[in-house]
Structure formats: C-alpha cells, structure tokens
Undergrad: 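My questions will all concern the structure given below.
The figures that follow rest on heavy atoms only: side chains count, while hydrogens, waters and symmetry mates do not. Throughout, a chain's letter reflects where its sequence line sits, starting with A, and its residues are numbered from 1.
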Amino acid sequence: MVMKHIKKLYAFLIFFFLYAPIMVLIIFSFNESKSRGSWDGLTLKWYIELFKDRQIMSAMYYTLSVAILSSLIATAIGTAAAIGIDNMKRFKKSMIMNLTYLPVLNPDIVTGIALMLLFIFMRIRLGFLTLLLAHITFNIPYVIISVLPKLKQLNKHIYEAALDLGASPSYALRKVIIPEIMPGIITGFLLAFTLSLDDFVISFFTTGSGVSNLSITIYSMARRGINPKINALSTIMFITVLLLLIIINNRMSKNNTIKE
Amino acid sequence: MSQPIIKLTNVSKSYDDHNVLKNINLYVRRNEFLTLLGPSGCGKTTTLRIIGGFETPSSGEVLFEGMDITSIPPYQRRVNTVFQKYALFPHLNVADNIAFGLNIKKMDKGLIKEKVKDILTLVNLPGFQKRSIHSLSGGQQQRVAIARALVNEPEVLLLDEPLGALDLKLRKDMQLELKNIQQKLGITFIYVTHDQEEALTMSDTVVVMKDGTIQQIGSPVDIYNEPKNSFVADFIGESNIITGTMIKDYLVDFAGRKFDCVDKGFEANEEVDVIIRPEDIKLVKEADGMLLGQVVSVIFKGVHYEMMVTSNGISWMIHSTLMVPVGSKVGILIQPSDIHIMKKVKAI
Amino acid sequence: MKENRVVAPYLIWMTIFIVLPIILVIFFGVTIRTESGLQLSLDNFKRFFEPIYLMVLWRSIRLALISTVICLILGYPMAMILASNGLKMKNTLVLLFIIPMWMNFLLRTYAWMTLLERGGIINTILNFLKLPSLNILYTEQAVILGMVYNFLPFMVLPIYSVLIKIDKSLLEAAEDLGADSITVFRKVTFPLSISGVISGITMVFMPAVTTFVISRLLGGGQFTLIGNLIEQQFLFVGDWSFGSAISIVMMILILVSMGFMSKYEKENEGAGLW
C-alpha cells in the first residue's frame with residue numbers, strides 16, 4: 001500500500017516537472033503585467049499584440065506554408081519510395097534503408113550545415129525555397145518509416161489478386177494498394193507536418209533573406225530576453241500540437257483494434 | 001478429343017541457381033478437375049503461379065487453347081485465381097470485392113448487381129453483399145474468394161490450397177461443395193494441395209510432384225492402386241515399402257521367402273521396391289500364413305485398427321477392422337495382386 | 001510493380017540533398033584555403049585537438065553524460081510505473097508523457113528561462129517563503145536542467161516499451177523460485193530491459209551532446225559546447241573548413257556509437273518516436 005502511494009507521488013512529481021513550465025507559460029500569457037513575478041489581472045492583450053506583430057505573423061505564414069508544402073511533397077515521394085523499397089531484394093533494400101536512416105540518425109546540426117553548404121555551393125539564395133527543400137529532405141524518411149510497416153502487413157497476394165481480376169498494375173496500385181496503406185500514409189503526413197512545424201536547427205542554417213519560421217523567431221526573441229508575446233504564441237502552438245497528437249493517437253489505436 | 005485448354009511444355013523455373021521446376025510437361029483438358037499434389041517445396045504452387053501469370057518460366061512455354069501465353073500478364077489471361085489466404089480486399093465490402101473484376105470490364109451497374117447476387121447464392125452466402133470482410137468467418141471469406149473469381153466466368157479457375165486454413169469438418173464440406181460448383185458450371189479447375197485425401201476425393205486427374213518434377217499423372221484410382229514409384233506410394237495413403245529381389249517375371253523374393261506376383265519386365269535378380277498397402281495384408285491363423293509374426297502394437301483409428309506386426313525383423317503396418325491383441329502370434333497373408341513391384345528410386 | 005520507377009525520385013532526391021551535402025562537408029573538412037587556392041590538409045582536424053577545443057569537447061561530453069545519468073535515474077522508475085500492471089488509464093498517461101515532447105523545443109527551453117530568471121516565478125515563491133533566492137540561470141546547472149527537461153521522455157519511452165513487453169510469467173517464475181522483489185528486479189527485470197536502457201541512453205546523450213540551443217539560451221552563451229562551436233564557425237567566423245572538420249568528428253562519433261548501440265536495441269526500433 002505504501003509502495004502504491006510512493007509510486008503515485010513519484011509519477012505526480014515527474015508529470016509536474018514536465019507540465020509546470022508549460023502551464024506557467026500558458027497562464028502568464030493571460031497576465032496583464034509584463035513581469036513574471038506578479039499577477040496583475042487577466043488580459044488578452046498579448047494575443048492581440050502577437051497578431052499585430054509583423055515579424056511573428058510572417059514567421060507563422062512561412063512555418064505553415066513550409067509545413068504544408070514540405071509534408072505533402074515528402075508524402076508523395078516517400079510513399080512511392082516505400083512501395084518500391086518494399087518490393088526490393090534484401091541487399092538493395094538494406095542499402096537504401098541505411099541511406100534513409102542517415103538523416104534520422106545524423107545530428108540535426110550536421111544535416112543543417114551540410115545543406116547550407118550545398119545551397120551556397122549551388123548558388124541558390126538561402127530563403128523560402130532552400131527552407132522548403134531542407135524540410136522535404138528531413139521529412140521523407142519519416143514518411144517512409146510510417147508507410148513501410150503498412151506495406152509489410154499487406155497480404156502479398158492482394159496485388160496479385162487485383163491483377164488476376166483484370167486490373168492493370170497502375171489500377172491495382174490506385175484501387176488496392178494505396179487504399180490499404182492509407183492509414184500509414186496519413187500518419188506519415190501528420191508526422192512530417194508536425195516535425196516541420198517544430199524544426200529549429202535545420203531551418204536555422206538553411207534559411208535567409210528575412211525568411212524565418214516560428215522556431216527561429218522564438219530563438220532570436222528569447223536570446224534578447226523575456227517577451228510575453230512568446231507566451232501567447234506558446235499557448236497557441238501547444239494547443240495545435242495537442243490536437244494533432246490526439247488525432248494521430250486516435251488513428252493509431254483505431255488501426256490497432258482493426259488488426260486485432 | 002478436343003485440344004487441351006492448357007498445356008505446359010518443358011517448363012523450368014529457377015531462382016538464383018535453385019531449380020524449383022525441372023522440365024514440366026503437362027496438359028489440362030477442358031472441364032477437368034486437375035490437382036497438383038505434393039509436399040511443400042515440390043513446385044506445385046510455382047506451377048500454378050506460372051499458369052496464373054504471376055511467374056514467368058525460366059524456359060519452356062505455356063499454351064492456352066494452343067496460343068502461347070507465356071509472357072502475357074495476369075490481367076490479360078482468361079484464368080482466375082483463388083488465393084491461399086483468400087487475398088480479399090479489406091477496404092471493400094463483399095459485393096465490391098466480387099464486383100472488382102466486373103467493374104474493370106466497365107460492365108453495366110445493374111448487371112453487376114445481378115451477377116453478384118447470383119454468385120453469392122451459388123456459394124451459399126445470399127444477402128451478404130454489404131458485409132465487411134472483417135466480419136466474416138474463415139469459411140465465409142473462402143466462399144467470397146471463390147465467388148470473386150468465378151463471377152468473371154474464367155475458362156480456368158486456379159485454386160492454391162484454398163481450404164488449407166479451414167478446420168477439418170468445414171474442409172470436408174467445402175470439398176464437396178467445390179466439386180459440385182465445378183460440375184455445375186463446367187469450368188476447368190486446377191487445384192493445388194498437399195493433402196492427398198483431398199486430392200483423391202475431388203479430382204479427375206492427380207499430378208503428383210516432388211522436387212520440381214512430376215512423379216505420376218493419373219486418375220485417383222490409378223494413382224492409389226498403381227503408384228509408379230515408392231515416393232508416390234508412400235505419399236498417397238500409407239504403405240509398407242520393403243526392398244526385395246525380382247527372381248524372374250511374376251516371382252519376387254522379399255521378407256525371407258518367394259511370393260507370386262503380377263509384375264514382370266524386370267531384370268533377373270534386380271533389386272526392387274515392394275509396396276503393399278496396409279489394408280491389403282490379411283492376418284490369419286499361424287498355420288494359414290505365408291509369413292509368421294507377432295503383434296507389437298495396436299492403435300484404434302476410428303474405422304479400423306492399425307497394428308504393427310514384426311516378422312523376421314521386418315515391421316508390417318496392417319489395417320484391419322478386426323482387432324488382434326498385442327503379443328498374439330499371427331500368420332500374414334498377401335494376395336499376388338496386392339503386391340506392387342517398383343523400380344528402386346535412387347535416394348536423393 | 002516497377003520498383004525502380006517509383007523509387008527513382010527518392011533516390012535522386014537523397015543523392016542531391018543527403019549524399020552530396022555530406023560529401024561537401026567532408027571536402028571542406030579535409031581542405032584548407034591557402035594563397036594558391038584550396039589544398040588538401042588535415043590541419044583542421046589537428047586544430048580540433050588543441051586544448052581549447054578539446055575542453056569544449058570535454059564539456060559537451062561531460063554535460064551530456066551528467067544529464068543522461070540524471071535522466072536514467074529519474075526515468076527508469078517512471079518507466080516502471082507507467083508499465084506497471086494494474087494501471088488505469090495507462091494509454092492516457094503514456095500520451096500525457098509524450099505531449100510535452102512535441103511542444104516546440106525552443107518554447108520548452110524558453111519556459112525555463114522565464115522560470116529561472118531573477119524575478120521569475122521560482123524566486124518569487126522562494127522569496128515569499130522567506131527562502132534564499134536561486135540564481136542558476138546562465139550557469140551549468142541551468143544547462144543540465146534544460147537537457148534533463150527536454151530529453152527525459154527520450155529515456156522513459158524506450159525503457160517503457162521494453163518493460164511492457166516482458167512476459168509477466170517470467171517475473172512470477174522468479175518469485176516462484178524464491179526471489180524477493182529486489183532480486184526479481186536485479187536478476188530478471190533489469191537485465192531484460194537493458195536494450196531499452198541502452199536506446200534511452202543513446203536517445204538522450206546524442207541530442208544533448210550536439211545541442212547548441214540549450215547552452216545558448218540557458219547558459220547565456222558562456223558555455224560553448226561543440227554545437228555552439230560549429231554554429232560559430234559557420235555563421236560568425238566563416239571558417240567552413242574548421243566547422244566541417246568538427247562536424248565530421250561529431251558525425252563519426254554519433255554514427256559509430258549508434259551502430260554500436262543498435263546491436264543492442266534491434267528489438268525496439270524507433271520505440272522512442274512514440
């Protein structure tokens with residue numbers, strides 16, 4: 001019995017440690033005072049200021065457009081790649097999978113500076129395009145990793161059954177394979193989207209010409225000290241990520257129950 | 001007789017130096033129920049997949065009504081397949097699964113509906129159109145898989161161990177049902193199984209395969225009664241296989257004495273396999289027996305008893321409806337017509 | 001399916017954006033700029049072994065190690081609690097554990113800046129309780145705290161996912177054979193969870209040793225880590241060759257230890273992602 005209470009207390013303390021800072025950020029986003037030490041009453045003024053802030057709004061625009069574009073493109077390239085990889089012979093497959101894991105395992109900072117060198121070398125001006133290319137690059141592996149297990153679960157004969165019933169290979173792909181692996185594709189897309197929203201390190205090195213995403217904006221604001229607008233932004237981002245995660249989680253548990 | 005609907009000539013298949021099929025020659029007559037039978041790895045499924053178009057032979061050709069279809073893709077062949085694990089499309093319901101092939105042919109929607117309804121009645125699943133695949137039992141999924149293939153009115157239906165995942169009772173029922181459907185529709189069936197009983201029950205012709213080669217082609221009765229070699233004899237039903245010596249035509253020596261038999265054409269003193277079915281051996285009083293032995297074990301098998309009798313160091317398996325207690329001294333009687341003499345196969 | 005046709009865009013993409021950049025980094029790493037143009041040289045690597053840079057490397061490794069150990073000590077019991085049998089709402093709790101991980105990394109770090117600052121909420125509470133104030137912002141402790149806070153879930157989740165897979169009958173068998181609960185833990189649970197512990201260590205140590213954000217924000221730029229060094233070389237000093245050399249060292253370090261670790265964690269690939 002004592003053990004049980006100790007366990008509960010311990011779990012509570014860990015959760016407190018994890019959530020307290022976030023909660024403080026959220027609560028103080030509604031604080032009238034600019035100081036962290038005192039509570040001067042409820043306000044929404046930081047949210048209003050946030051939406052008036054040109055820099056933050058442009059960062060939000062770039063963050064969202066890069067996230068949407070890069071996750072869509074990465075999903076298309078990654079899904080096609082996964083289908084091809086799944087059909088490969090062992091040796092070729094493991095070679096390509098190693099290549100796929102490389103950007104996942106490589107430290108972000110190395111991926112970031114490497115891409116930066118590439119863009120400078122190729123004389124592409126750092127900006128929106130380079131940011132987008134970089135995001136697609138680090139997103140593709142995650143799409144592949146999400147789609148491959150679905151392909152493995154697929155009954156190998158399903159594709160043949162479609163051909164047997166008169167479907168051409170492309171018809172079978174569109175009407176049978178893609179619908180079957182759709183859950184994996186959507187999970188991969190959401191994962192890519194979330195990672196893109198969240199990325200700082202790689203974006204930091206691959207953007208320029210005044211184009212920056214929210215992470216970079218937060219970094220440069222935070223370096224200069226505390227700013228309540230960041231709190232307001234935190235609240236919005238936290239709720240967004242929370243919703244996204246709940247959607248992903250529901251999808252995954254739904255898939256699991258079907259499997260059983 | 002009309003020309004065979006499917007003909008394989010000199011078909012071989014190898015994967016990375018591994019020969020899965022070695023020079024297969026086979027023809028299938030129209031409306032025939034032909035079974036490819038053999039242990040796993042014998043090449044039966046590969047043969048079926050070559051006919052279905054999922055594999056291309058390394059050499060040889062496949063003829064369909066006399067036309068070479070060796071390199072025609074599966075979606076242009078007039079054959080359909082019932083896959084081992086059904087391969088139903090989980091994202092489609094029963095009706096959409098069955099209508100899949102008809103939709104590709106751009107058939108009229110009303111007609112498709114009609115056909116789906118009819119075929120579901122044929123496979124005993126009336127009213128199952130809207131059910132999801134997940135909600136069906138194994139046997140029901142099996143029926144949908146058969147319906148999905150049959151609705152396309154193929155010239156030939158290929159079935160790859162379609163009953164393998166079902167329990168014994170259901171399997172027996174489905175065997176009869178499949179045979180009925182085949183006779184009713186008059187479609188050629190090519191059936192793959194490793195279950196010899198299933199093969200004997202359903203087929204017009206059985207093709208016994210081993211290690212990528214055909215061992216014997218014949219009717220179930222022929223295969224059972226006149227196995228061509230000891231492998232076939234052993235694989236089809238149970239057999240006593242003993243090494244013997246052919247003295248001259250119609251006389252063979254095994255188990256320490258000479259027996260009259262009905263086989264001829266062997267060289268004098270050639271070593272041969274002597275094959276005797278367990279149910280062809282009669283147990284009689286010691287005095288009436290050709291061999292003397294002692295019962296060492298008795299197992300009740302339902303319809304009959306399986307008894308092991310040792311005689312001169314040889315163990316005989318004997319099936320009989322009459323039980324002889326363990327330890328009894330008995331005589332063994334074998335009719336000349338029940339002794340099958342075969343050329344020795346080299347051990348592989 | 002024509003596998004080559006569908007994989008081709010991916011392979012082309014990866015060649016241009018992953019392989020080529022790494023080749024560039026290696027190229028810059030092994031060359032130096034002289035009057036007669038670029039010249040092949042290992043000087044950049046030699047320079048890295050000067051005491052001042054070795055100190056940075058050592059500091060990075062030391063801080064990352066301390067954080068990893070703290071994460072392990074805090075995280076293992078938490079993983080056990082999450083994995084324990086009769087837990088109600090297990091999935092919800094695990095999800096709750098994952099959520100902060102997906103909160104923007106910068107914001108999580110920023111949150112501690114606001115908590116730790118001189119007039120921040122922690123000191124306000126301490127003052128209210130008449131306790132001495134805590135001034136750790138812009139110290140090593142703050143950097144370690146930031147690392148532990150950011151990477152703790154990376155330790156807990158891999159261990160958790162191994163623990164829930166352990167066959168409960170093994171534990172019962174051990175008890176049946178006379179082991180008390182401490183012995184069961186020492187002799188059965190812990191050895192079986194070692195692959196999770198190793199991947200947890202990897203997943204905390206790797207980002208901790210390469211970070212430059214936490215040290216910059218919570219260390220106030222006084223604690224140069226290897227990540228900061230790379231950032232400086234590329235963005236301020238403009239010495240791409242030296243920056244590339246450091247990156248190569250870091251990449252080799254990480255990939256080699258990953259390869260080494262992956263031997264032990266084959267069974268729970270990617271467990272930390274979720």
Undergrad: Return yes when atom NZ of Lys179(B) has more than 12 non-hydrogen atoms of other residues, nucleotides or ligands closer than 6.0 Å, and no otherwise.
TA: yes
Undergrad: Would a 4.5 Å heavy-atom cut-off, applied to side chains only, mark Leu92(B) and Pro179(A) as touching?
TA: no
Undergrad: Checking His91(B) side chain against Ile181(A) main chain: does a donor-acceptor pair fall under 3.5 Å?
TA: no
Undergrad: Are there over 12 heavy-atom neighbours, none belonging to His194(B), within less than 6.0 Å of that residue's NE2?
TA: no
Undergrad: Please report the C-alpha distance between Asn155(A) and Phe83(B) in whole Å, then the side-chain angles of each, then the deciding distance to 0.1 Å, and finally whether the side-chain contact (heavy atoms from CB on, under 4.5 Å) criterion is met.
TA: CA-CA 10 Å; Asn155(A) 180 339; Phe83(B) 289 86; over 6 Å; no
Undergrad: Minimum heavy-atom separation for Ala87(B) to Ala161(A), with atom names?
TA: O-CB, 3.8 Å
Undergrad: Are more than 12 heavy atoms from other residues, nucleotides or ligands located less than 6.0 Å from atom NZ of Lys106(B)?
TA: no
Undergrad: Could you pull out all donor-acceptor pairs under 3.5 Å where a side-chain atom in residues 162-169 of chain A meets a protein atom, sequence neighbours excluded?
TA:
residue, atom, partner, partner atom, Å
Asp164(A), OD1, Thr81(B), N, 3.2
Asp164(A), OD1, Thr81(B), OG1, 2.7
Asp164(A), OD2, Asn80(B), ND2, 3.2
Asp164(A), OD2, Thr81(B), N, 2.6
Ser168(A), OG, Tyr171(A), N, 3.3

Undergrad: Using a 4.5 angstrom heavy-atom cutoff, name the option from Lys175(A), Lys156(A), Glu180(A) with the most pairs to chain B.
TA: Glu180(A)
Undergrad: CG/Asp160(B) to CD/Glu160(A) distance, rounded to the nearest 0.5 angstrom?
TA: 9.5 Å
Undergrad: Is Leu88(B) in contact with chain A via its backbone, its side chain, both, or neither, using a 4.5 Å heavy-atom distance?
TA: backbone
Undergrad: Heavy atom to heavy atom, less than 4.5 Å: which residues from residues 40-56 of chain B reach chain A?
TA: Arg49(B), Phe54(B)
Undergrad: Name, in order of residue number, those residues of residues 108-130 of chain B that have a heavy atom at a distance of less than 4.5 Å from a heavy atom in chain A; otherwise write 'none'.
TA: none
Undergrad: Kindly check if the number of other-residue, nucleotide or ligand heavy atoms within 6.0 Å of OH (Tyr15(B)) is above 12?
TA: yes
Undergrad: For chain A, which residues of residues 136-147 of chain B have at least one non-hydrogen atom nearer than 4.5 Å to it?
TA: none
Undergrad: Check this for me: Met95(A), atom CE, are more than 12 non-hydrogen atoms of other residues, nucleotides or ligands nearer than 6.0 Å?
TA: no
